[in-house]
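Just below is one structure, and these are the notes that go with it.
Residue numbers begin at 1 in each chain, while the letters A, B, ... track the order of the sequences. We use all heavy atoms of the structure for the numbers below, so side chains are in, but hydrogens, waters and symmetry mates are not.
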There are 2 protein chains.
Amino acid sequence: MLSIGELSKRTRVKIPTIRYYEQMGLISAPERTTGNQRRYSKTELSRLSFIKHARDLGLKIEDIRELLTLSANPEMPCAEANHIAANHLGAIRARIAQLQRLEAELARMATCHADNIKDCYVIESLSNHGLCAENH
Amino acid sequence: MLSIGELSKRTRVKIPTIRYYEQMGLISAPERTTGNQRRYSKTELSRLSFIKHARDLGLKIEDIRELLTLSANPEMPCAEANHIAANHLGAIRARIAQLQRLEAELARMATCHADNIKDCYVIESLSNHGLCAENH
DNA sequence: CAAATACCTATAGTATCTATAGCAATAATC
DNA sequence: GATTATTGCTATAGATACTATAGGTATTTG
């Protein structure tokens, strides 16, 4: 049995976050010691690892909740899980494309070598959208 | 003079967001009509455009506040503004790299053709970090 | 001038945590 | 066994950047 601190170390999920997930119903309330401290089993360790991994991938809590429900019913069709992953993939690709446009613009901006603000390209760029190479 | 609705249309900043920015002190409280409605001048239009543009670039409110202060002092050195932009550029590049790793992993996951959850690669991938091609 | 639209304030809610205060339990050391 | 250090508990507030709602008032349009 793991204390909340050990669970936190192993999953790299911070302690208040674990308690928050419990409150949100993502993980169930674990056993307690006579002194009222939480004690976790291997089951909860792997469930929390799943959650952490999915969060690292940028999935929303509600998506994760759905995936957890799905995974609890091993005979259900896999299409739904695929759908969630594919949806998220589209969102990520769009976000990458957007960030790359911003990267280009910031890179241009950061080449400024003016001595003072009145000639600074950073300020100028932000003031005047027309200077942008790409539209956003 | 523009009403808040016109200002919103021209800057594509939503009305409650404009009022929120006023509350946060990013823009100053504008004139009011006798009926207590806000009326904005060109000055405020361009200031809000600056803010919108910077937000679109992903800059944090506090960074924007700093840039606005800098731009109000045209004789100040430009180094600080450059520093903010460059910092942000670094953060964006890191985020792009991270998202590209996630994209690769999700793309692999979404190729799953299993019929039911127990063989689904999406669920399997999230359960088992060891399957990831890249580390994150 | 009436109806439709736009605007006002104040408050609460969203999402995903993180921090703090004040106290209790457990582990480590002597 | 006693002291001390670490860890844990609950409850509440704060961070971020808004968005939504309720209940009421101005302004514009036909």
**OP:** Please work out if Arg19(B) contacts a base, only the sugar-phosphate, or nothing of the nucleic acid, heavy-atom cut-off 4.0 Å.
**Re:** base

**OP:** With sequence neighbours left out, write down each residue that passes side chain to side chain donor-acceptor pair (under 3.5 Å) with Glu66(A), or none if nothing qualifies.
**Re:** none

Original post:
Among residues 3-10 of chain A, which residues get a heavy atom nearer than 4.0 Å to DNA chain C?
Top reply: none

**OP:** Could you please spell out the steps behind the salt bridge (Lys or Arg N to Asp or Glu O under 4.0 Å) verdict for Glu62(A) and Arg65(A)?
**Re:** CA-CA 5 Å; Glu62(A) 288 315 307; Arg65(A) 198 193 295 280; 2.9 Å; yes

Original post:
How many Å lie between CG on Leu26(B) and C1' on dA17(D), as a whole number?
Top reply: 11 Å

Subject >> side-chain N/O Lys14(B) vs dT19(D) OP1/OP2, d < 4.0 Å >> reply: yes

**OP:** Apply side chain to side chain contact (heavy atoms under 4.5 Å, CB included) to the pair Ile61(B) and Arg55(B), showing each step before the final yes or no.
**Re:** CA-CA 7 Å; Ile61(B) 296 287; Arg55(B) 281 295 298 144; 3.8 Å; yes

Original post:
With sequence neighbours left out, what residues match Arg39(A) under salt bridge (charged side-chain N to carboxylate O under 4.0 Å, His left out)?
Top reply: none

**OP:** Using side chain to side chain donor-acceptor pair (under 3.5 Å) as the criterion, list what pairs up with Ser46(B), not counting sequence neighbours.
**Re:** none

Original post:
What residues in residues 29-36 of chain A put a non-hydrogen atom under 4.0 Å from any atom of DNA chain D?
Top reply: Arg32(A), Asn36(A)

Original post:
Please give, in whole Å, the distance from dT16(D) P to Arg65(B) CZ?
Top reply: 10 Å

**OP:** Please check the phosphate of dG8(D) (OP1 and OP2 only) for any side-chain N or O of Arg38(A) closer than 4.0 Å.
**Re:** no

Subject >> Residue that, paired with Leu7(B), satisfies side chain to side chain contact (heavy atoms under 4.5 Å, CB included) out of Val13(B), Leu48(B), Ile27(B) >> reply: Leu48(B)

Quiz: residues 28-35 of chain B side-chain donor-acceptor pairs under 3.5 angstrom, not counting sequence neighbours:
residue  : atom : partner  : partner atom : Å
Arg32(B) : NH1  : Asn36(B) : O            : 2.9
Thr33(B) : OG1  : Gly35(B) : N            : 3.2
Thr33(B) : OG1  : Asn36(B) : N            : 3.3
Thr33(B) : OG1  : Gln37(B) : N            : 3.0

**OP:** Map Tyr21(B) and Tyr40(A) onto DNA chain D by nearest heavy atom, then report which one ends up closer to the 5' terminus.
**Re:** Tyr40(A)

Original post:
Counting distance only, does the side-chain N/O of Ser49(B) pair as donor-acceptor with the main-chain N or O of Leu45(B) below 3.5 Å?
Top reply: yes

Original post:
Taking five pairs at each end, how big is the angle between the two axes of the helix from dC1(C)-dG30(D) to dC30(C)-dG1(D), to 10°?
Top reply: 10°

Contacts table for residues 17-24 of chain B: side-chain donor-acceptor under 3.5 angstrom, sequence neighbours left out:
residue  : atom : partner  : partner atom : Å
Glu22(B) : OE1  : Arg38(B) : NE           : 2.7

Original post:
Arg39(A) CZ to dG8(D) C1': how many Å, rounded?
Top reply: 8 Å

Table of protein N/O atoms under 3.5 Å from nucleotides 2-6 of chain D N/O atoms:
none

**OP:** Under the side chain to side chain donor-acceptor pair (under 3.5 Å) rule, collect the residues that match up with Ser3(A), sequence neighbours excluded.
**Re:** Glu6(A)

Subject >> Partners passing salt bridge (charged side-chain N to carboxylate O under 4.0 Å, His left out) against Arg10(B) (at least two apart in sequence or in another chain) >> reply: none

Original post:
To the nearest 0.5 Å, how far apart are NZ in Lys52(A) and OG in Ser8(A)?
Top reply: 10.0 Å

Original post:
Earliest and latest nucleotide of DNA chain C, 5' to 3', sitting under 4.0 Å from a non-hydrogen atom of chain A?
Top reply: dT16(C) to dT26(C)

Subject >> Inter-residue atom distance Glu44(B).CD - Thr11(B).OG1, 0.5 Å rounding >> reply: 12.0 Å

